[in-house]
Amino acid sequence: MTKRNQPKYGKIIDAAVVVIAEHGFERAQISKIAKQAGVADGTIYLYFKNKEDLLLSLFREKMGQFIESIENEIAGKTRVRDRLFTLIDMHFRQLAADYSLAIVTQLELRQSNKGLRAKIGEVLKRYLKLIDDILVEGMDQGVFDADLDVRLARQMIFGTLDETVTNWVLNEGKYDLAALSADVNRLLIRGLSGGNC
């Protein structure tokens, strides 16, 4: 059994999400994470090299689950509009369901060092490809503008979702994030279709 498949690994990841969200990455001591996970301080180092490795592993694990669930939901949709809506809705619903994870992804990861941010960018590539696939499919089907710059459109979609969630986090989750899905989808579809929707 690999370290990632051991129960303590998952408990430490989940504990790190809670502690980092509550105290911030800089003040999230290994001892606090260990206490939250119900393990000895030294146990953390059996699974992770240091706190940065734990943060990156946390993002890799949680983002992997996040993307996989979106991929599974999208696979059942045939229309591009439905696929884009599903991506938006799942993005919002998953983060709304785990406010601590939303704090970590929207606030704490942005404050990490340049090297760590580059590694986080590598993890995001799978998600960005998912957006690219929807865009290309929409162009092929004539739903989106045939002259669409896929890279720019992807940045627009991801940036819109990211900023919407960040604003929700900064407002302490006081409103229904998932309720924004339809409006965000409508705005993006209109922009991507070049006014031909």
Side-chain angles (χ1 to χ4, degrees), residues 13-14 16-25 58-111 120-121 123-139 141-145 148-197:
I13 292 280
D14 291 341
V17 171
V18 172
V19 173
I20 292 170
E22 187 177 338
H23 300 283
F25 179 66
L58 174 164
F59 185 69
R60 194 178 289 127
E61 289 295 317
K62 295 297 184 180
M63 198 63 189
Q65 295 165 10
F66 181 90
I67 295 168
E68 189 174 330
S69 65
I70 293 174
E71 287 171 339
N72 290 339
E73 284 292 318
I74 284 177
K77 312 291 179 191
T78 53
R79 293 181 45 199
V80 167
R81 292 170 190 263
D82 295 336
R83 290 164 75 85
L84 181 60
F85 174 77
T86 300
L87 180 134
I88 294 165
D89 195 50
M90 291 285 293
H91 188 110
F92 290 167
R93 284 183 189 283
Q94 289 186 93
L95 289 171
D98 191 341
Y99 186 66
S100 292
L101 181 62
I103 291 172
V104 173
T105 59
Q106 303 306 126
L107 305 179
E108 294 305 320
L109 287 170
R110 283 166 170 63
Q111 298 173 33
I120 288 164
V123 176
L124 276 176
K125 281 184 179 177
R126 181 176 161 199
Y127 190 51
L128 299 178
K129 184 183 181 315
L130 188 57
I131 296 172
D132 285 355
D133 291 346
I134 291 171
L135 289 168
V136 170
E137 186 180 355
M139 291 166 69
Q141 292 179 9
V143 176
F144 301 152
D145 190 331
L148 205 62
D149 179 331
V150 173
R151 189 175 143 283
L152 182 61
R154 178 216 311 139
Q155 289 174 349
M156 183 182 77
I157 292 169
F158 185 78
T160 299
L161 301 182
D162 192 53
E163 184 59 29
T164 302
V165 176
T166 298
N167 191 55
W168 175 79
V169 168
L170 293 174
N171 280 281
E172 299 175 344
K174 289 180 180 169
Y175 53 88
D176 185 353
L177 179 61
L180 302 177
S181 299
D183 286 342
V184 170
N185 187 56
R186 190 166 32 257
L187 288 167
L188 289 172
I189 290 284
R190 285 177 180 166
L192 295 167
S193 66
N196 299 322
C197 57

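Residues take their numbers from the sequence shown, with the count starting at 1. If you're wondering where the values come from, they're calculated on a predicted model, not measured in any experiment.
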Are [X] and [Y] close enough that some pair of their side-chain heavy atoms sits under 4.5 Å apart?
X	Y	value
Ile70	Gln94	yes
Leu124	Phe59	yes
Thr164	Leu177	yes
Phe66	Asp98	no
Arg126	Glu68	yes
Thr105	Lys62	no
Asp133	Glu137	no

Going from [atom1] on [X] to [atom2] on [Y], what distance comes out if it is rounded to the nearest 0.5 angstrom?
X	Y	atom1	atom2	value
Leu95	Ile103	CG	CD1	11.0 Å
Met63	Lys125	CE	NZ	14.0 Å
Arg186	Ile88	CZ	CD1	10.5 Å
His91	Tyr127	NE2	OH	4.5 Å
Leu130	Ile74	CG	CD1	4.5 Å
Arg154	Asp149	CZ	CG	9.0 Å

For side chain to side chain contact (heavy atoms under 4.5 Å, CB included), just list the numbers for Ile189 and Val80, CA-CA rounded to whole Å, side-chain angles, deciding distance to a tenth of an Å, and then say yes or no. CA-CA 10 Å; Ile189 290 284; Val80 167; 5.8 Å; no
Please name the pair of heavy atoms, one in [X] and one in [Y], separated by the smallest distance, quoted to 0.1 Å.
X	Y	value
Tyr99	Val169	OH-O, 3.1 Å
Ile157	Leu84	CD1-CD1, 4.2 Å
Glu61	Ile13	CG-CD1, 4.2 Å
Ile134	Phe144	O-CE1, 3.7 Å
Glu108	Phe25	OE1-N, 2.8 Å
Leu192	Ala153	CD2-CB, 3.8 Å

Pick out which of Asn185, Asp82, Leu188, Ile131 makes a side-chain contact (heavy atoms from CB on, under 4.5 Å) with Leu87. Ile131
Go through it in stages, so that I can follow the logic: the residues are Phe85 and Val184, the test is side chain to side chain contact (heavy atoms under 4.5 Å, CB included), and I'd like the CA-CA distance, side-chain angles, deciding distance and then a yes or no. CA-CA 9 Å; Phe85 174 77; Val184 170; over 6 Å; no
Which is it for Glu73 and Asp89 under the side chain to side chain contact (heavy atoms under 4.5 Å, CB included) test, yes or no, and what are the steps along the way? CA-CA 10 Å; Glu73 284 292 318; Asp89 195 50; over 6 Å; no
Around atom CZ of Arg151, are there more than 12 heavy atoms of other residues, nucleotides or ligands at under 6.0 Å? no
Looking at Asp162 and Phe158, would you say the former's side chain and the latter's main chain have a donor-acceptor pair under 3.5 Å? no
Taking Arg93 for its side chain and Ala178 for its backbone only, find out whether a donor-acceptor pair lies under 3.5 Å. no
Salt bridge flag under 4.0 Å for residues Asp132 and Lys129: no
